[in-house]
There are 2 protein chains.
Amino acid sequence: MLKGHLDTIVLAALEAGPAHGYAIIESIKRGSADMFDLPEGTVYPALHRLEEAALLSSSWMTPPGGRRRRMYSLTKAGTAALAERRKVWGRFSHAVNALLTGGRPWPA
Amino acid sequence: MLKGHLDTIVLAALEAGPAHGYAIIESIKRGSADMFDLPEGTVYPALHRLEEAALLSSSWMTPPGGRRRRMYSLTKAGTAALAERRKVWGRFSHAVNALLTGGRPWPA
DNA sequence: TTCCGTACCTAGTATAGCTAGGTATGGAAG
DNA sequence: CTTCCATACCTAGCTATACTAGGTACGGAA
């Protein structure tokens, strides 16, 4: 399980500019040093969810001599949501780190 | 949603020594600066799951002039699992951080 | 005696993410 | 030329997690 932060990651992947689903999967894989090799069955529904929530918008493109792709871009609300989710992630990871390191000096 | 890291957190809470469910909840709340105020309906089933998986063992105790409590402690397997999960968390959070900071200089 | 804090429990629900399937095209390999 | 792989999209259905919303019960204070 990718632990509820999938949406955050997908939004972040689109921050640099519009992309289509397949490319997003690869970009996440690369950007995480292969830690997150997300199945399509995870990412496509997430994209649909995010579009439904108006955080993304999409349009079909057909590059010359290529297959049709659905290009996604962040909406204004999506950009705002990303900023918010980044903060949430910061607080979340900080809290987990605190709990995992107890009060103790420093774990291996 | 506490995002799949609940078990890790609960195991970590027991690292310092045995405790009962209610105390675990409070310890997690304190240790996370109130970020994780977990409902009992989340924690008790998790404790049962972890005991079922033999990562915890429990026994009923009745402190003098007090109510009965179920005390949980880490088993050997539980200690090992915690070490493993700590590593997983490290890799996971590192990867998410990488994705959220893109390649860009540094986010606010 | 009533209520709050401690202390435990579970049935049912929502949903996230995965599995496992499906469709289709372009290009390379044979 | 046909077969296969990589690209590119999709969905139904499963499972597990975490939550909601209830319930029980005791000790002590008001």
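Letters A, B, ... are given to chains in the order of the sequence lines, protein chains preceding strands, and every chain is numbered from 1.
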Do B:His20 and B:Arg70 come within less than 4.5 Å of each other through their side chains, counting heavy atoms only?
no
Can you check whether B:Phe92 and A:Phe36 have ring centres sitting under 6.0 Å from each other?
yes
Using only side-chain N and O atoms of A:Arg69, determine if any of them is under 4.0 Å from OP1 or OP2 of D:dA8.
yes
C:dA16 C1' sits how many Å from A:Glu52 CD, rounded?
16 Å
Is the shortest side-chain N/O distance from B:His48 to OP1 or OP2 of C:dC8 below 4.0 Å?
no
When all nucleic acid strands are considered with a 4.0 Å heavy-atom cut-off, which category describes B:Arg67: base, sugar-phosphate, or nothing?
base
Can you tell me if B:Arg49 touches the phosphate of D:dA16, counting only side-chain N or O atoms and a distance under 4.0 Å to OP1 or OP2?
no
Under 4.5 Å between any side-chain heavy atoms of A:Val43 and A:Glu40, yes or no?
no
Between B:Glu40 and B:Pro45, which has a closest nucleotide on DNA chain D that is more 5'?
B:Pro45
In this structure, how many angstroms lie between the C1' atom of C:dA16 and the CZ atom of A:Phe36, rounded?
15 Å
Is B:His20 close enough to C:dT6 that one of its side-chain N or O atoms is under 4.0 Å from OP1 or OP2 there?
no
Which whole-number value in Å describes the distance from B:His5 NE2 to D:dT17 P?
13 Å
Nearest whole angstrom, please: distance from the C1' of D:dC9 to the CD of A:Glu26.
14 Å
Minimum-distance nucleotide to B:Thr42 side chain [options: D:dA18, D:dG27, D:dA8]
D:dA18
Measure CH2/A:Trp60 against C1'/D:dA8 and give the value in whole Å, please.
8 Å
Measure CD1/A:Ile25 against C1'/C:dG17 and give the value in whole Å, please.
13 Å
Rounded to the nearest angstrom, tell me the gap between atom CE in A:Met61 and atom P in C:dT25.
20 Å
Check step by step if side chain to side chain donor-acceptor pair (under 3.5 Å) holds for A:Arg68 and A:Thr62.
CA-CA 4 Å; A:Arg68 86 204 212 292; A:Thr62 309; over 6 Å; no
Heavy-atom pair with the smallest gap, counting every atom of B:Ala46 and B:Asp7
CB-OD1, 4.2 Å
Between A:Arg70 and D:dC10, is there a side-chain N or O to OP1/OP2 distance below 4.0 Å?
yes
Using a 4.0 Å heavy-atom cut-off, does B:Gly21 contact any base of the nucleic acid, only the sugar-phosphate backbone, or nothing at all?
sugar-phosphate
Taking the nucleotide of DNA chain C with the nearest heavy atom to each, does A:Pro39 or B:Arg68 sit closer to the 5' end?
B:Arg68
Please tell me if B:Tyr44 has a side-chain N or O lying less than 4.0 Å from either OP1 or OP2 of C:dC8.
yes
In whole angstroms, how far is the P atom of C:dA16 from the CG atom of A:Leu38?
15 Å
